[in-house]
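Scroll down for the structure; my scribbles are underneath it.
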2 protein chains.
Amino acid sequence: MTTRWLTPEEQRAWRAYIGAALLMEDALDRQLQQEAGMPHMYYSILSVLSEAPERRLRMTDLAEGLKITRSRLTYAVTRLEKDGLVRREHCRWDKRGSIAALTDEGMTMLERAAPGHVETVRTLLFDRLTPEQVRQMEGIFSKVAEGFEGDAAQAAPDDVPWRRRSAKPCS
Amino acid sequence: MTTRWLTPEEQRAWRAYIGAALLMEDALDRQLQQEAGMPHMYYSILSVLSEAPERRLRMTDLAEGLKITRSRLTYAVTRLEKDGLVRREHCRWDKRGSIAALTDEGMTMLERAAPGHVETVRTLLFDRLTPEQVRQMEGIFSKVAEGFEGDAAQAAPDDVPWRRRSAKPCS
DNA sequence: TAGGTTTGTTTCAAACTTGAACCAAGCCCG
DNA sequence: CGGGCTTGGTTCAAGTTTGAAACAAACCTA
């Protein structure tokens, strides 16, 4: 089949997106590097952990939530652990497992950095958009995200995430 | 002033965006790594060069067009040059200047990789969106991009880009 | 025109990402 | 039970990105 090239409208949308996405990520990284000494992804790790029950998550779950590879997460958590913001714990129900737990220090750092981060996101993005556009944005990207569903495992609903896998306790 | 946190709608939009953007970039990188042996950004470099007059551009202009740092570009072009896809030339009008030129081999590689790349962009993004959403997307991200205008220099209109700077020829 | 500033690019070390390979521990089934 | 397959994580080398520093040429300006 002959290639279906992008229409002019698609091309404009694609280019605007690629450019703006790059600029935003860079700006976010710089801002957080300044105020928290870590890139955006590392901040996100703390953020996701802070919302998890008991502020702890299995590595794999954390990686899935963040949409990054386990290997990337391992590296990041090692660094955050060195900084004292995250602690690794052994999983009692699955001896293979490793749990990342947000420390109090990590929580403090997160709370300290959050306002500046949110402010940046606002300045770069939401302050420039109408409420209508915010809704459109969600529509667009949740649709896109759907396309990736099934690429990764899905959660078993009724269990705490950091003990979800390997359902049987040891004892 | 007390922090203006994100509203629930904004949060949903932001999370959908962050997740989908990550997944798309990863998928794009993998696809191009497979088919062209280079990450998305490197493909973009070739692509931008291919559309420039005489398929050549000053490093700084190229970096600006791609919204990346000069340092990042230097590294990338060095690699692409090793692969024979790009050639560096001296700028005759400004001895400081360096010009990146797309080689025939580079053009061939680009043409070979383009269909697969476009197909991926379609599958991941445009096939999932309505024409209306494509328009919305452009609206949203050109608005965001506007916010960054002036962060970088702008072009002087009426001259060829690869000789734009340092207006006076040497001779 | 000398001296100081700006501009264009590269260099360097440190940090980060990638993907394949590896090591355990759990799981499955004869 | 005893392999063999799958899963959870880490490790390692190679590749990439970052940001600051270094250079060199061009551009003032007194």
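Letters A, B, ... are given to chains in the order of the sequence lines, protein chains preceding strands, and every chain is numbered from 1.
Here the nucleotide nearest the side chain of B:R58, chosen from D:dG9, C:dG8, C:dT10, is C:dG8. Among the nucleotides D:dG8, D:dT10, C:dT9, the one closest to the side chain of A:R96 is D:dG8.
For B:R30, there are no salt bridge (Lys or Arg N to Asp or Glu O under 4.0 Å) partners two or more places apart in sequence or in a different chain.
Listed in residue order, the members of residues 69-77 of chain A having a heavy atom less than 4.0 Å from DNA chain D are A:R70, A:S71, A:T74.
If you take NZ of B:K95 and P of C:dT7, they are 20 Å apart, rounded to a whole angstrom. Straight-line distance from the CD atom of B:E64 to the C1' atom of C:dT9: 13 Å, rounded to whole Å. Whole-Å rounding puts the A:W93 CH2 to D:dG8 P distance at 16 Å. Remark: C1' of D:dA26 and CZ of B:R92 are 18 Å apart, rounded to the nearest angstrom. Taking atom CD1 of residue A:I68 and atom P of nucleotide D:dG9, one finds them 13 Å apart after rounding to whole Å. Between A:M59 atom CE and C:dA24 atom P the separation is 18 Å, expressed in whole Å. Atom CE of B:M38 and atom C1' of D:dT16 are 15 Å apart (whole Å). The distance from atom NE2 of A:H40 to atom P of C:dC16 is 15 Å, rounded to the nearest whole Å.
For the ring pair (Phe, Tyr, Trp, His ring centres under 6.0 Å) condition, the pairs that include at least one residue of residues 43-84 of chain A, sequence neighbours left out, are A:Y43-A:H117.
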Could you walk me through whether B:W5 and B:Q11 pass the side chain to side chain contact (heavy atoms under 4.5 Å, CB included) test, one step at a time?
-> CA-CA 9 Å; B:W5 299 103; B:Q11 231 175 84; over 6 Å; no
Does the side-chain hydrogen bond (donor to acceptor under 3.5 Å, both in side chains) test come out yes or no for B:R55 and B:T103, once each step is laid out?
-> CA-CA 8 Å; B:R55 293 183 188 163; B:T103 62; over 6 Å; no
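What you find for B:R56 and B:I99 is that their closest heavy atoms are CB-CG2, 3.7 Å.
In this structure, B:Y17 and A:Y17 have perpendicular ring planes: the angle between them is above 60°, well past the 30° mark.
A residue-by-residue look at A:R30 and A:R88 shows that A:R88 has its nearest nucleotide of DNA chain D further toward the 5' end.
Neither OP1 nor OP2 of D:dG15 sits under 4.0 Å from any side-chain N or O of B:R79. Look at B:T60 and you'll find a side-chain N or O under 4.0 angstrom from OP1 or OP2 of C:dT9.
Annotation: side chain of A:I18 is in contact with side chain of A:W14 (closest heavy-atom distance under 4.5 Å).
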